[in-house]
Amino acid sequence: MSTRPGSGQSRTAWDDGYGDGIRNDPDLGMDDDVYMAGGSRSAKSSSSQMATSSTADLKKSNDNKGGVFGFCLRGVRSLWATRQTEETTSNRELYVKTTLRELIIYIVFLVVLCIITFGMTSTTMYYYTKVMSDLFLDSTNDKGGSFRTLTSVEDFWRYAKGPLVNGLYWEKWYNNQNISAGDIGYIYYENKLLGVPRIRQLRVHSNSCKVHEDFENFISECYDSYAESIEDTKPFGAYLEDPTNTAWRYFSESALGGSSHWGELNTYSGAGNYKDLNTTKAASLETIDYLFDNLWVRRGTRAVFIDFSVYNANINLFCVIRLLVEFPATGGAIPSWTFRTVKLIRYVTVMDYFVLACEIIFCIFLLYYTVEEVLEIKKLKLSYFKGFWNILDILVIIISFVCVGFNIYRTVEVDDKLTKLLKDPYVYADFERLSYWETRFSNAIAIAVFMAWIKIFKYISFNKTMTQLSSTLGRCAKDLAGFFVMFIIIFLAFTQLGYLLFGTQVKDFSSFENAFFTLFRIILGDFDFHQLEQANRILGPIFFMLFVFFVFFVLINMFLAIINDTYSEVKSDMANAKNEFEIADYFKKGYSKMLDKLNFKRDKIVDIQSALQSADINQDQKVDFDEWRQDLKSRGYADCEIEAVFARYDVDGDRVLDAEEQKKMFADLQEQKLALNKEYDDIGGKGRHSSSRLSSNEGDSGDDSDDEDSGTKSSRTGRTANGVSYEEFTVLSRRVDRMEHSIGSIVSKIDAVLVKLEAMEKAKLKRRETMGKILDSITESDGTSDEMKREQMEKLVREELERWDSETSVGANSARGASPGGASGQSGLRSRSRAESAQNGSSDV
């Protein structure tokens, strides 16, 4: 045995001997784990101490073999631990803990995503769009018409010569003074017109449709509705006079770098004949007059586009505007428009760079969740794709990756376009395609945010209340599927009926799609009954009443009945279900653990204070180490922690605490006790610490025999946590250890019996086969009388039984030597085996 080091040396000597077992606690100079370990070590025999020590050494050596790599591997695995990758089915507390960790990480991800999305948009965008739309859609010409009220070619030219050029070119201040040359090109004096506007048209050729033979002699030309296959690609008008003028020549979509557009009547390509306006009002008016005089818009014209872009540096926003006038084959004009207010230059202000930092964090989260889903797919294989939440996770990740890719593309493309525009400010600035994809990008982000918010239900599903929605929908899914089939049949029947009855007179029923959505609006109470009545005075009211009766009164109430009945069943099942470990229980348990830890520390301080007062047995105002050790040893402390506390205050290292050192220790302990009491009261533990300690006699009555193997009965008092004192916990721990030892020996004996029974069963089968062969040989022997056969058979059976008896006796003796106390069991087995064998032999005979 190693000799105990002096007090002065023990401050460092015991650190080497116990490693992590003792730490320099700023409050007590000892660890809670050491306290518990010391209490249990003092209650165990030296043999269990040696076993524990050897086991700890083996574990430590195995941990050292893992090294840093093993630690990192465990850390990485815990980083991506989810309910699907961990075994949380049987451990409800682990399930809640894992879910809570996932929820906290996901909330951070959701906050970052919301910051990014709200950094992309603002209410200023709406007002910017409103200002531009009011200017170009509602400004009136000299006849009082606006772009919204266009109905003919004449209205289009009036608009182009009046409100369009007036809105594009602000060359005078409000007091009619001319604007300086440096300030020209600003709409509303604030919005810079990028490049020059462009007017483009699409035409169909004269033989694009077939005239009926009855009218062939009267109608020589036929212009069909627009289709890309019948576009007129030939030069027209003043092309011979001015071949270089782009207004009279056709350009393909690739040549113009354009894109298709979905109008009110058709989808139009990005090709056509175009003419760019100028940077001044006078020059642009001259261009428009030139086109007007030479009949640029003709019978074959099916669409005219007016495209331009503006930029407001005050709010760092682009507004890409497209005004479309469609000229259907029926004649007249149908106006439509598109105002796309987008933020193409992303990073200008401090807030923008904060959003950039959030985007980088978002990319990190995206990689994190990608790895998480890959790990789940690797573990669950194809069953992964059966879960709704897993599919939602995949969709969010895919949309996010697409958005990240477009964000990079948009930044590069905007820089390229602005560079070209700054080189030549007199060309058309085509931001149409970029603004279109920017709006698609915003739509994708909106969908991703929507799915991300819905995904919160995945992490709060451990609560019974939060599962009501998913449980209700899941349980009534089959009923809703059947109802949906009935609903869609009736709804489509009414849609077709309404389209055929009112499609020629009522705009809301002018197409099948419009009729479909109009009926949905009727369900919600948004309808115009007078229009239906005017369209058909008899069938209109009948159609309306039938639709309201079957759909509103019958089908909708069936739908609500299915939902209500299922919800009632779910509520009833939840009320009768057993309460499982939920998040509230998890926090309560953590709160109790915190209070227990504070009480535990305070109890240790009380023990040390009591030892300091009672350890001076000879009343010499000095406490030597032996007195100190004897008192604390009786309280259940281990030698290591006794040495650690003593060495901390034994400043001179003489292994004796004088009055000054005792005073310093007592003052420090009192200060720490007051701090712990204050902290305990601050977290709501008032009124509990009075019952945190019990007398040493409580909980130990009748259990003295359990403490005799420790050499001394622990007199330390422990706090009562959930109704179990420290003494009771120690006694129960020892009982559990003894039970484990007893059960282990019982299990080993049972295993030995099972092995023996299996061997005997095999021997029994083998001997039965041998007996059968003997009987067959006796039966087959010819020339032998029945009496001789019987005697021969009895002799063989008797010999076989004696041989079995000798073998069984040898097996019993060997089993008795290996397992004392088991002879009687083996003898019983032998006798039963012999009886069964004899009985089987007789039956075979």
Side-chain angles (χ1 to χ4, degrees), residues 132 135-137 139-142 146-147 150 153-201 235-251 256-258 272-298 301 304-312 318-325 417-418 420-432:
M132 291 292 105
L135 176 62
F136 291 102
L137 299 182
S139 298
T140 58
N141 54 37
D142 54 354
S146 64
F147 186 82
L150 284 178
V153 178
E154 291 80 3
D155 291 338
F156 166 73
W157 287 114
R158 290 193 194 98
Y159 173 79
K161 294 179 180 180
L164 178 62
V165 294
N166 292 334
L168 288 173
Y169 305 103
W170 293 61
E171 298 179 350
K172 291 182 179 295
W173 290 103
Y174 54 87
N175 59 359
N176 286 329
Q177 291 184 1
N178 292 329
I179 293 178
S180 61
D183 294 331
I184 290 179
Y186 287 88
I187 299 174
Y188 276 126
Y189 314 112
E190 300 291 348
N191 306 283
K192 176 65 177 177
L193 179 63
L194 302 177
V196 295
R198 170 173 290 181
I199 300 178
R200 177 174 61 92
Q201 73 162 320
F236 74 103
Y239 171 73
L240 297 177
E241 299 176 4
D242 188 5
T244 60
N245 198 324
T246 58
W248 315 108
R249 295 160 50 202
Y250 176 86
F251 293 87
L256 294 178
N273 310 83
Y274 76 92
K275 184 64 179 179
D276 290 338
L277 301 182
N278 212 304
T279 57
T280 62
K281 182 177 181 179
S284 297
L285 272 176
E286 183 180 350
T287 301
I288 293 174
D289 289 337
Y290 170 76
L291 298 177
F292 176 80
D293 295 338
N294 289 277
L295 295 177
W296 189 63
V297 177
R298 302 192 178 190
T301 301
V304 175
F305 298 85
I306 304 173
D307 295 307
F308 56 95
S309 302
V310 294
Y311 172 71
N312 192 311
F318 290 80
C319 187
V320 182
I321 302 171
R322 168 168 283 181
L323 306 176
L324 170 62
V325 181
K417 286 187 176 294
L418 292 179
K420 294 179 180 179
L421 184 62
L422 293 175
K423 290 181 180 179
D424 188 0
Y426 299 101
V427 298
Y428 167 63
D430 186 9
F431 286 92
E432 173 62 29

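Along the sequence shown, residues carry numbers from 1.
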Would you check if the distance from the ring center of F156 to the ring center of F292 is below 6.0 Å?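 When the ring centroids of F156 and F292 are compared, they turn out to be at least 6.0 Å apart.
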
Can the ring centres of F431 and F318 be said to be less than 6.0 Å apart?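 Between F318 and F431, which both carry aromatic rings, the centre distance is below 6.0 Å.
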
Which pair of non-hydrogen atoms, one from [X] and one from [Y], has the smallest distance, and what is that distance?
{"X": "G182", "Y": "Y186", "answer": "O-CE1, 4.2 Å"}
{"X": "G237", "Y": "W248", "answer": "CA-CE3, 3.8 Å"}
{"X": "N191", "Y": "Y188", "answer": "ND2-CB, 3.9 Å"}
{"X": "S284", "Y": "L277", "answer": "OG-CB, 3.6 Å"}
{"X": "P163", "Y": "S139", "answer": "CG-O, 3.6 Å"}
{"X": "L164", "Y": "I306", "answer": "CD2-CD1, 3.8 Å"}

If you apply the rule side chain to side chain contact (heavy atoms under 4.5 Å, CB included), what do you find for I187 with M132, and how did you get there? CA-CA 9 Å; I187 299 174; M132 291 292 105; 4.2 Å; yes

Do [X] and [Y] have side chains that get closer than 4.5 Å, going by heavy atoms?
{"X": "T301", "Y": "V304", "result": "yes"}
{"X": "E171", "Y": "I179", "result": "no"}
{"X": "V427", "Y": "K420", "result": "no"}
{"X": "W157", "Y": "I288", "result": "yes"}
{"X": "I199", "Y": "W296", "result": "yes"}
{"X": "V325", "Y": "F305", "result": "no"}
{"X": "T287", "Y": "N278", "result": "no"}

Does the distance from a Lys or Arg side-chain N to an Asp or Glu carboxylate O, for R198 and D307, drop under 4.0 Å?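 No, this pair does not count.
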
Test side chain to side chain contact (heavy atoms under 4.5 Å, CB included) on T279 and Y426; report intermediate values, then the result. CA-CA 7 Å; T279 57; Y426 299 101; 3.4 Å; yes

Sidechain-backbone polar pair: [X] side chain, [Y] backbone, donor-acceptor under 3.5 Å:
{"X": "E432", "Y": "V320", "answer": "no"}
{"X": "T140", "Y": "S146", "answer": "no"}
{"X": "Y189", "Y": "D183", "answer": "no"}
{"X": "K275", "Y": "L291", "answer": "no"}
{"X": "N273", "Y": "R249", "answer": "yes"}
{"X": "S309", "Y": "L194", "answer": "no"}

Under 30°, 30 to 60°, or over 60°: which ring-plane class applies to F308 and F136, parallel, tilted or perpendicular?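 Rings of F308 and F136: tilted, as their planes differ by 30° to 60°.
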
Hey, could you give me the [atom1]/[atom2] distance between [X] and [Y], rounded to the nearest 0.5 Å?
{"X": "Y239", "Y": "D242", "atom1": "OH", "atom2": "CG", "result": "10.0 Å"}
{"X": "K417", "Y": "L421", "atom1": "NZ", "atom2": "CG", "result": "10.0 Å"}
{"X": "R200", "Y": "Y428", "atom1": "CZ", "atom2": "OH", "result": "8.0 Å"}

K192 to Y311 six-membered ring, cation-pi geometry met (6.0 Å, 45°):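 Checked: cation-pi criterion not met.
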
Compute whether any side-chain donor of one residue and acceptor of the other, for T280 and Y169, lie under 3.5 angstrom apart.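 Y169 and T280 do not have a side-chain donor-acceptor pair below 3.5 Å.
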
Not counting sequence neighbours, which residues clear salt bridge (Lys or Arg N to Asp or Glu O under 4.0 Å) with D289? List them please.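 Here the qualifying residues are K161.
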
The criterion is salt bridge (Lys or Arg N to Asp or Glu O under 4.0 Å); which residues satisfy it with K172, sequence neighbours excluded?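 K172 satisfies salt bridge (Lys or Arg N to Asp or Glu O under 4.0 Å) with no residue once adjacent residues are dropped.
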
